[in-house]
Amino acid sequence: TIPSAVNAYSFATANTATPILSIDSTNSRVGIGTSSPNAGFYILGGIASIAGQTTQAVFENNSASTPPGIMIRNTSGSSAQGRVMFTNSNDITWNIGTDIGTNNNTDTFQIHDADLGGGAGVAIRGGSPPRMGIGTTTPNSNSLTVYAESNSGVSAAIEFGANTGPTNRWTMGNDQNDAFKFKIAS
């Protein structure tokens with residue numbers, strides 16, 4: 001039995017060293033590299049280089065028949081979303097997951113800037129037909145829906161062109177500066 005304490009049980013290389021593993025039984029948390037985990041499972045540690053990429057955690061699988069994977073799943077029966085959040089030191093947050101901005105149990109895969117309230121980004125929905133939305137988390141029945149953020153001063157448009165060489169580009173979409181008329185321009 002583990003006593004009820006914030007750092008009730010820990011492994012470290014010395015009595016005063018930062019724990020390699022810490023169990024916070026008061027708050028039901030486990031920490032790696034910290035004596036005070038801030039979440040159910042919290043990793044704080046050094047950087048490793050794997051296959052030329054720097055990372056703090058590696059999940060590796062050596063099975064030839066089963067691909068490696070991580071599952072994030074809500075089994076509560078509610079419409080709460082499963083997501084991965086990316087946040088920097090300035091609290092700029094991007095989310096990747098299902099039903100992130102809408103939380104309406106549509107099983108829409110979404111990528112969006114959390115600071116915009118979930119209304120912007122990319123959404124992909126399965127079904128028939130499959131749909132994709134840019135600038136919306138609820139793409140309509142068309143295969144591709146593109147919206148500009150309302151009152152942003154930007155027109156909803158798709159641009160075609162090369163990212164190097166001549167600047168010949170074709171743009172088609174709604175022109176916010178001309179009563180949202182549909183235009184094709186170069």
Side-chain angles (χ1 to χ4, degrees), residues 1-127 130-139 145 147 149:
T1 302
I2 298 173
S4 182
V6 172
N7 190 17
Y9 195 72
S10 64
F11 294 95
T13 57
N15 287 341
T16 58
T18 300
I20 298 166
L21 174 72
S22 175
I23 297 175
D24 172 353
S25 58
T26 300
N27 299 302
S28 300
R29 298 175 181 164
V30 174
I32 296 177
T34 179
S35 61
S36 54
N38 294 329
F41 182 60
Y42 190 86
I43 299 174
L44 178 66
I47 304 293
S49 180
I50 307 292
Q53 300 295 316
T54 55
T55 184
Q56 285 182 291
V58 176
F59 299 91
E60 189 170 320
N61 178 3
N62 64 0
S63 170
S65 61
T66 306
I70 298 172
M71 179 183 288
I72 299 171
R73 182 177 180 193
N74 175 10
T75 60
S76 70
S78 73
S79 61
Q81 62 272 47
R83 65 182 169 178
V84 176
M85 297 173 63
F86 299 89
T87 304
N88 67 12
S89 60
N90 295 321
D91 291 330
I92 305 297
T93 302
W94 277 84
N95 290 312
I96 298 176
T98 58
D99 296 330
I100 300 167
T102 56
N103 200 22
N104 61 8
N105 209 22
T106 60
D107 297 326
T108 304
F109 177 78
Q110 300 173 6
I111 302 170
H112 74 80
D113 181 346
D115 299 324
L116 296 176
V122 176
I124 301 170
R125 271 189 91 170
R131 299 173 285 198
M132 179 175 181
I134 299 172
T136 178
T137 57
T138 55
T145 303
Y147 290 146
E149 187 176 342

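Counting from 1, the numbers follow the sequence of the chain as shown.
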What pairs with Thr66 under side chain to side chain contact (heavy atoms under 4.5 Å, CB included), at least two apart in sequence or on another chain?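 Result, side chain to side chain contact (heavy atoms under 4.5 Å, CB included) vs Thr66: Asn61, Ser63.
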Where do Pro37 and Asp24 come nearest, in terms of heavy atoms and distance?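 For Pro37 versus Asp24, the nearest heavy atoms are CG-CB, 4.2 Å.
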Identify the two heavy atoms, one from Ser35 and one from Ser22, that lie closest to each other, and give their separation to 0.1 Å.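 Minimum heavy-atom separation between Ser35 and Ser22: O-OG, 3.7 Å.
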Name all residues meeting the ring-ring contact (aromatic ring centres under 6.0 Å, His included) criterion together with Phe11; count only those two or more places apart in sequence or in a different chain, and write none if there are none.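 ring-ring contact (aromatic ring centres under 6.0 Å, His included) check on Phe11 returns Tyr9.
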Find the distance between OG (Ser10) and CG (Asn15) and round it off to the nearest 0.5 Å.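 CG of Asn15 is found 9.5 Å from OG of Ser10.
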